[in-house]
Amino acid sequence: MKFFIDSADIDEIKKANGMGLVDGVTTNPTLIKKAGRDHQQTIEEISSIIDGPISVETLGQTCDEMLAEADTYLTWGDNIVIKIVMTPEGMKAVKELKKRNVKTNVTLVFSPLQALIAAKAGATYISPFLGRLDDIGHDGLTIIDQIRTIFDNYAYDTQILAASIRHPMHILSAAQIGADVATIPASTLLRLFDHPLTANGIDSFLSDAKQWLHAKA
Ligand code: G3P
């Protein structure tokens, strides 16, 4: 499973990348707002740090507006993926970008049929939002499972990018289902390391080692 960082915060991205765990980055307008810096500068900096795909979201509502934005974003780095919302105009843009060999990430996917439409349009990634579905009492993981089945049935090579991850169990379940990628907030990524038995084991090994180190001295 590939791990992307869902962030536009350069320090967070550098820290996660330093742990050797980052295969790519996803951004969105909210994350750019949170980072509080110029959009282009932020993306250029992320692109220079991370080798993998960097998703940058278009804001236009029409296919032509999205394509014009894509042309601009593609000059910001050689690993830019164009993030496009799940609308009819968006899918027209995905189809056109596919013809141009430009990678796309269809965002705001909340149903398996939306994922099917995006795969038919030729999306590189589709982003089902797990947490936001759970927030309204739906089961985000069931949607991912249904998408996995559909893509396998028809051998679509569109990758399932599990998004809106809220906690480590989302990642575990998405991995068991076979999502290709999880895009993870940096704080949640750090929590993957945690286990109380690991912490206790380190404490007791260190305490035992101190005893024989002192005995030797
Ligand atoms: O980047 C898209 C997605 O991961 C957003 O997550 O937490 O705003 O629902 P969230």
Side-chain angles (χ1 to χ4, degrees), residues 1-13 15-17 21-37 39 42-43 45-47 49-50 52-60 66 69-70 73 76-77 79-87 90-91 93-94 103-112 114-115 118 123-145 147-148 158-175 177 179-192:
M1 182 184 230
K2 282 175 271 187
F3 284 176
F4 291 178
I5 291 291
D6 200 25
S7 175
D9 182 309
I10 301 292
D11 291 337
E12 272 184 3
I13 292 167
K15 194 173 166 194
N17 193 42
L21 289 175
V22 181
D23 300 305
V25 174
T26 51
T27 65
N28 64 35
T30 305
L31 292 169
I32 295 292
K33 180 183 160 201
K34 203 169 148 198
R37 296 182 52 211
H39 190 197
T42 304
I43 299 298
E45 198 168 341
I46 296 171
S47 169
I49 298 165
I50 303 294
I54 316 296
S55 289
V56 186
E57 189 157 336
T58 54
L59 303 174
M66 292 174 199
E69 281 176 88
Y73 293 164
W76 294 357
N79 48 355
I80 302 299
V81 172
I82 307 301
K83 205 171 181 185
I84 291 191
V85 289
M86 166 36 75
T87 60
M91 295 314 96
V94 167
K103 290 186 176 159
T104 53
N105 174 0
V106 174
T107 190
L108 293 169
V109 168
F110 293 98
S111 84
Q114 289 179 322
T124 315
Y125 304 96
I126 51 107
S127 291
F129 278 30
L130 281 182
R132 292 193 195 184
L133 279 163
D134 291 358
D135 289 346
I136 60 157
H138 290 228
D139 181 1
L141 289 164
T142 298
I143 305 291
I144 297 215
D145 200 17
I147 297 169
R148 180 73 281 156
T158 299
Q159 295 184 48
I160 302 172
L161 195 168
S164 188
I165 298 269
R166 299 270 198 264
H167 48 71
M169 284 305 290
H170 270 156
I171 301 164
L172 173 61
S173 302
I177 291 166
D180 302 281
V181 189
T183 189
I184 309 171
S187 56
T188 309
L189 184 70
L190 285 176
R191 287 169 63 198
L192 299 187

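This chain uses plain numbering: 1 for the first residue, then up along the sequence. Order of listing sets the numbers, starting from 1, for every ligand and every atom in it.
- Looking from atom 8 (O) of ligand 1 to the surrounding protein, the closest heavy atom is R132 NH2, 2.8 Å.
- Checked by atom type and distance alone, the side chain of S55 never pairs as donor or acceptor with a backbone atom of T27 at under 3.5 Å.
- In terms of polar-atom proximity, T107 is not counted as a contact of ligand 1, lacking any N or O under 3.5 Å from an N or O of the ligand.
- For atom 6 (O) of ligand 1, the closest non-hydrogen atom of the protein is S164 CA, 3.4 Å.
- Side-chain atoms of E45 do not come within 3.5 Å of backbone N or O of I10 as any donor-acceptor pair.
- Nearest to atom 2 (C) of ligand 1 among the protein's heavy atoms is F129 CZ, 3.3 Å.
- Protein heavy atom at the shortest distance from atom 1 (O) of ligand 1 is D6 OD1, 2.9 Å.
- Counting only heavy atoms from C-beta outward, the side chains of L192 and I171 approach each other to under 4.5 Å.
- Aromatic ring orientation, H170 versus H167: parallel (interplanar angle below 30°, classes split at 30° and 60°).
- The shortest heavy-atom distance from K83 to ligand 1 is under 4.0 Å.
- In terms of protein heavy-atom proximity, atom 7 (O) of ligand 1 is closest to R166 NH1, 2.8 Å.
- Per-residue contacts place N28 under 4.0 angstrom from the following atoms of ligand 1 (heavy atoms of the residue considered): 1 (O), 2 (C), 5 (C).
- Between F129 and H138, the gap from one ring centroid to the other reaches at least 6.0 Å.
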- Task: With side-chain contact (heavy atoms from CB on, under 4.5 Å) as the test, would you mind laying out the steps for D9 and I13 before giving the verdict?
- Result: CA-CA 6 Å; D9 182 309; I13 292 167; 5.7 Å; no

